Amino acid sequence: MLRRTLLAALIAAVAAFALYWWLTAPAVLAVPAPIRNPDLANGQELFHAGGCSSCHATPNQPDRLRLGGGLALGSPFGTFYVPNISPDPAYGIGRWSEADFVNAVMRGVSPAGTHYFPAFPYTSYHLASVDDVRDLFAYLKTLPSVSGTVGDHALPFPFNIRRNVGIWKLLFMDTAPFVADAARSPQWNRGAYLVNAFGHCAECHSPRNALGGIIASQRFAGGPNPEGEGWVPNITQQGIGNWSEKDIADFLETGDLPEGDSASGAMRAVIKNLAQLTAEDRAAMAAYLKSLPPVQGPTPPKRKEGG
């Protein structure tokens, strides 16, 4: 009887592991052959829209196009270190194929076939078009090569097990493409695309659950800073309902709030990127953001007296 019980337990354990392995297998995108040459100007625009230099530029040096990585990103799950995405063949992405880059950006899968942690906002980038991601890749290859390794992420068990990210993706990652709303203007649709895909605004401006997934019903409604310090504001009409489209567009260019204050914290780096966009793209983002219905987000903590 004991033998049978042990055998049954072993079979169950093997079956459970096989199911886990199957559920957590990285899923890649079948990248179609290109139908046009890369558009470097478009790639540069999307580089700024995505704020790539804010995270990937080597810290403590002035050139925002030297993408050697190394920035530490705090989170409730540990500290992530941003990788080198310069064209360096040894330390960056110089040996990556176009398909490698597309799958990294849109599916969160490395060229080695492992999951990237969702500190990399591929949960937003999946909405991008493959051609736009190709253009971004082509632009990145024109930037300076930067040598040097980046430290390993400092994550406790079980968050350091990359295979577990497959379960997280099943729970929280949608891979549906962006679909334009035929009832809306081309400007609104361009803004929706930039805000939700490359701009990945919801990644910071939305509250998250205990597992780090965005709470869909409170998307864009603000919440605790994912890096653990401060509060990210509500950017629905609940939070910025008194802003005009021009106010929003001006803020995306200058960082100046309508009431005279200025952007602070990480948003200052974001503004440096968005200021490089065309005025038309900033206006499109403003039109989309102004259309967001009011959503009540989490209540910010009260500020201490004298703080």
Side-chain angles (χ1 to χ4, degrees), residues 49-51 54-55 73-77 118-119 121 123-127 172-174 178 181 184 187-275 277 281-305 307:
S54 295
C55 283
L73 297 177
S75 82
F77 308 100
T123 44
S124 289
Y125 294 158
H126 79 88
L127 290 165
F172 303 116
M173 184 174 176
D174 182 5
F178 175 81
D181 185 343
R184 297 281 193 168
Q187 182 193 49
W188 185 95
N189 277 296
R190 174 65 174 173
Y193 178 69
L194 290 174
V195 167
N196 288 291
F198 284 98
H200 62 280
C201 304
E203 301 288 341
C204 283
H205 285 277
S206 305
R208 293 177 179 269
N209 59 30
L211 294 178
I214 287 176
I215 299 173
S217 63
Q218 294 182 308
R219 189 174 173 86
F220 297 116
N225 186 335
E227 293 188 40
E229 220 175 289
W231 196 265
V232 181
N234 187 326
I235 56 171
T236 73
Q237 289 301 283
Q238 180 74 24
I240 58 171
N242 60 334
W243 292 30
S244 67
E245 282 187 30
K246 184 179 185 303
D247 289 336
I248 299 172
D250 287 347
F251 173 74
L252 297 178
E253 181 180 13
T254 66
D256 295 332
L257 281 69
E259 60 269 23
D261 205 349
S262 298
S264 60
M267 193 63 197
R268 286 180 294 183
V270 174
I271 295 297
K272 282 184 180 180
N273 297 306
L274 298 179
L277 297 180
D281 274 347
R282 284 193 300 271
M285 293 175 72
Y288 173 74
L289 289 170
K290 184 63 181 174
S291 77
L292 293 175
V295 177
Q296 181 64 54
T299 303
K302 290 184 179 180
R303 298 183 67 178
K304 294 180 180 178
E305 290 296 327

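From a predicted model like this one, the values you see are computed outputs, not experimental measurements. Below, all heavy atoms of this structure are taken into account, side chains as well, without hydrogens, waters or symmetry copies.
Pro233 and His205 get closest at one heavy-atom pair: O-ND1, 2.9 Å. Shown here for Val295 and Asn234, the closest heavy-atom pair between the two residues is O-ND2, 2.8 Å. The nearest pair of heavy atoms linking Pro298 to Gly223 is CG-CA, 4.3 Å. The two residues Pro207 and Gly222 have their closest heavy-atom pair at CD-O, 3.0 Å. Scanning all heavy atoms of the two residues, the minimum distance from Leu252 to Leu274 falls at O-CB, 3.3 Å. Across every non-hydrogen atom of Ser54 and Ala269, the tightest pair is OG-O, 3.4 Å.
Atoms CZ and CZ, from Arg282 and Phe251 in turn, are 12.5 Å apart once rounded to the nearest 0.5 Å. One finds the CZ atom of Phe220 at 5.5 Å from the CD1 atom of Ile235 (value rounded to the nearest 0.5 Å). Ile214 contributes atom CD1, which lies 11.5 Å from atom CG of Asp174 (distance to the nearest 0.5 angstrom).
Looking only at side-chain heavy atoms (C-beta outward), Asp181 and Asn189 come within less than 4.5 Å of each other. Here the side chains of Arg184 and Ser291 are in contact, with some heavy-atom distance below 4.5 Å. Between Lys290 and Asp247 there is no side-chain heavy-atom pair separated by less than 4.5 Å. Side-chain contact between Asn209 and Phe172: present, with at least one pair of heavy atoms (C-beta onward) separated by less than 4.5 Å.
Only one option out of Phe198, Tyr193, Tyr125 pairs with Phe178 in a ring-ring contact (aromatic ring centres under 6.0 Å, His included); it is Tyr193.
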